[in-house]
Each structure stands twice: as C-alpha cells, then as structure tokens.
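Below is one structure; the comments refer to it alone.
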Amino acid sequence: MKKQEWKPGNMLYPVPAVMVSCGREGEKPNIVTVAWTGTICSDPVMASISVRPERYSYDIIKETGEFVINLTTKELAKATDWCGVKSGRDVDKFKEMNLTAGKAGHLEHAPIIAESPVNLECRVTEIKELGSHHMFLAEVVGVQVSEEYMDANGKFELNSTDLVAYSHGEYFVLGEKIGKFGYSVKKS
C-alpha cells in the first residue's frame with residue numbers, strides 16, 4: 001500500500017461526539033459539543049474533555065469545576081452539530097434544540113441533558129493548558145442511564161441506542177457488531 005506523508009495532525013478517528021453541559025449560578029445552562037473526550041482511568045473513574053479557552057463554556061467549567069458528558073444518538077445528531085457551531089453567548093441551546101436540562105445527582109450547577117441515554121457527571125480535578133485546547137481532567141462522580149434501554153434481565157443495552165461518532169468532519173451512527181472483547185482468543 002503506497003503512503004503519503006502529511007504534516008502532523010489529529011487523525012485519530014472515529015471519536016465520540018458528545019454534548020457537554022455546564023451551568024453557573026444565575027445564568028442559563030449551556031451545551032458545548034466536544035469530540036475530544038475520553039476515558040483516562042478506571043480507579044478512580046476519570047474522563048477528560050478538551051475545550052478551547054475562547055469557548056463560552058470554558059469559563060463556566062473552569063469556574064464551577066463541573067460538567068456533564070452526555071452521549072449522543074442518531075436522534076440527537078442535529079442538536080449535537082448545532083450546539084457545536086452556535087455560541088451560548090448568543091443563544092439558549094437547551095431552548096433552541098428543545099432539550100431538557102435535568103437535575104444532576106452529584107453536581108451543584110451542571111445539568112444533564114435528559115434526552116441523552118447516558119450522562120456522566122464530572123468534577124474537575126486538574127486543567128492542563130496544552131495549546132489550542134485545555135484539557136479538563138475530571139473524576140466521574142455519577143452516572144445516569146435511561147431506563148428505556150434496560151432489557152428484561154436488567155442489562156443496559158448501550159449499543160442499541162444508535163450512538164454517534166465523529167470522523168474527519170462527518171457524523172456516523174455506530175454500525176455492525178464484528179466481535180466482542182476477547183473473541184480473538186476464545187476457544188471454539
């Protein structure tokens with residue numbers, strides 16, 4: 001396979017497309033779309049998001065030390081994109097996208113997006129100023145999941161929610177299952 005060499009760039013795709021909700025006392029809550037997010041530790045449970053300092057949500061998250069990572073679905077794809085191109089300085093994103101700001105169970109200011117199937121409530125532990133983006137390292141202090149995706153045995157069927165991924169400027173719904181963890185070494 002012939003290769004071209006390009007200048008260094010972020011080509012690690014696909015990535016989750018999530019809506020991060022945040023809020024501050026006396027102000028409307030806000031949503032920022034983030035594709036640079038990830039798991040960083042399982043004990044304690046930690047996640048990260050990377051946000052440009054000029055984004056409206058940046059100061060809210062920095063000041064309050066909390067945010068919610070809301071997983072997105074095919075049904076939420078338009079709102080996910082819209083919340084990424086509009087600024088909370090100018091519009092009420094919850095109102096304009098007909099989304100519900102629900103109560104987080106473990107945070108004081110940041111709401112959940114009720115329409116999201118999974119809400120990860122996060123408390124900032126550290127901010128890494130890395131250049132164009134600053135990374136918020138956070139402990140996941142609570143998780144809410146939509147009961148509509150629970151099966152008869154009480155298992156949460158996350159992969160039936162039509163999760164959305166972002167790849168090279170485009171959104172995709174996760175597709176065909178091709179295996180599960182450990183399938184490559186499982187004895188027949």
Side-chain angles (χ1 to χ4, degrees), residues 10 14-42 44-146 158 161 163-166 171:
N10 291 315
V15 292
V18 301
M19 290 189 285
V20 173
S21 50
C22 56
R24 202 167 23 199
E25 187 75 36
E27 296 180 13
K28 69 185 182 309
N30 194 49
I31 302 166
V32 60
T33 299
V34 171
W36 293 355
T37 184
T39 299
I40 54 175
C41 192
S42 59
V45 180
M46 295 184 73
S48 68
I49 61 170
S50 292
V51 180
R52 288 181 180 271
E54 58 269 15
R55 296 297 298 261
Y56 178 67
S57 294
Y58 177 88
D59 287 333
I60 297 171
I61 296 168
K62 186 174 182 181
E63 180 185 309
T64 64
E66 56 183 50
F67 59 88
V68 179
I69 298 172
N70 303 275
L71 299 190
T72 59
T73 62
K74 182 178 181 180
E75 190 175 302
L76 293 169
K78 182 176 180 183
T80 301
D81 183 65
W82 195 88
C83 289
V85 296
K86 297 290 184 175
S87 174
R89 286 183 187 94
D90 307 321
V91 296
D92 181 336
K93 295 181 184 183
F94 277 95
K95 180 181 176 189
E96 294 297 323
M97 288 290 100
N98 295 313
L99 296 172
T100 307
K103 177 75 176 123
H106 301 273
L107 302 176
E108 188 176 341
H109 303 289
I112 67 164
I113 298 174
E115 292 78 8
S116 170
V118 178
N119 317 98
L120 304 172
E121 300 177 26
C122 300
R123 191 164 290 123
V124 176
T125 59
E126 186 179 348
I127 303 170
K128 294 263 193 201
E129 297 184 9
L130 300 171
S132 65
H133 289 69
H134 293 181
M135 180 183 283
F136 290 93
L137 305 177
E139 184 171 356
V140 177
V141 295
V143 177
Q144 294 189 39
V145 298
S146 297
L158 177 63
T161 64
L163 291 172
V164 170
Y166 181 80
Y171 299 98

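Just so it is clear, the model here is predicted, and its values are computed rather than measured. Quick note: residue numbers are just sequence positions, from 1.
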statement: For residues 87-101, the salt bridge (charged side-chain N to carboxylate O under 4.0 Å, His left out) pairs (sequence neighbours left out) are none
query: Got a sec, which residues hit salt bridge (charged side-chain N to carboxylate O under 4.0 Å, His left out) with Glu54, two or more places apart in sequence or on another chain?
result: Arg52
query: With sequence neighbours excluded, what pairs up with Val45 under the side-chain contact (heavy atoms from CB on, under 4.5 Å) test?
result: Val140
task: Compare every heavy atom of Thr161 with every heavy atom of Pro117, then report the nearest pair and how far apart it is.
output: CB-CG2, 3.9 Å
- request: Nearest 0.5 Å please: distance from the CG atom of Leu137 over to the SG atom of Cys41.
  value: 10.5 Å
query: Any idea how Tyr58 and His134 line up, ring-wise: parallel (<30°), tilted (30 to 60°), or perpendicular (>60°)?
result: perpendicular
CE on Met46 to OG1 on Thr39, rounded to 0.5 Å: 11.5 Å
Atom pair OG (Ser21) and CD1 (Ile61), whose distance is rounded to the nearest 0.5 Å: 9.0 Å
query: Does the side chain of Val164 come within less than 4.5 Å of Tyr166's, by heavy atoms?
result: no
message: To check you understand the geometry: which heavy-atom pair defines the closest contact between Met19 and Cys83, and what is its length?
response: SD-SG, 4.3 Å
field: Closest contact, heavy atoms only, Asn70 versus Ile113
entry: OD1-N, 3.0 Å
task: Check Leu76 against Ser116 and note the closest heavy-atom contact, atom names and distance.
output: CD1-CA, 3.9 Å
query: Are side-chain heavy atoms of Thr73 and Leu71 found at a separation under 4.5 Å?
result: no
Donor-acceptor pair, side chain of Thr37 and main chain of Ser48, under 3.5 angstrom: yes
message: Quick check: closest heavy atoms across Phe94 and Ile112, and the distance to 0.1 Å?
response: CE2-O, 4.2 Å
- request: Report the C-alpha separation of Val32 and Cys22 in whole Å, then their side-chain angles, then the decisive distance to 0.1 Å, and conclude whether the side-chain contact (heavy atoms from CB on, under 4.5 Å) test is met.
  value: CA-CA 8 Å; Val32 60; Cys22 56; 5.6 Å; no
Would you mind writing out the side-chain donor-acceptor pairs for residues 98-110 within the sub-3.5 Å range, not counting sequence neighbours?
from	atom 1	to	atom 2	distance (Å)
Thr100	OG1	Glu115	OE2	2.7
Lys103	NZ	Leu107	O	3.4

message: Minimum heavy-atom separation for Ala47 and Ile69, please, with both atom names.
response: CB-CD1, 4.0 Å
- prompt: Atom CD1 of Ile127 and atom CE of Met135: how far apart are they, to the nearest 0.5 Å?
  reply: 12.0 Å
- request: Any pair with a residue in residues 61-87 that passes salt bridge (charged side-chain N to carboxylate O under 4.0 Å, His left out), sequence neighbours left out, goes on the list, sorted by first then second residue, please.
  value: Arg24-Glu63
- request: Could you grab the distance from atom CG of Asn30 to atom OH of Tyr56, nearest 0.5 Å is fine?
  value: 6.0 Å
statement: In short, salt bridge (charged side-chain N to carboxylate O under 4.0 Å, His left out) pairs touching residues 121-146 with sequence neighbours left out are Glu126-Lys128
query: Are any of the side-chain heavy atoms of Val20 and Val51 separated by less than 4.5 Å?
result: no
task: Give, for atom OG1 of Thr33 and atom CH2 of Trp82, the distance between the pair rounded to the nearest 0.5 Å.
output: 10.0 Å
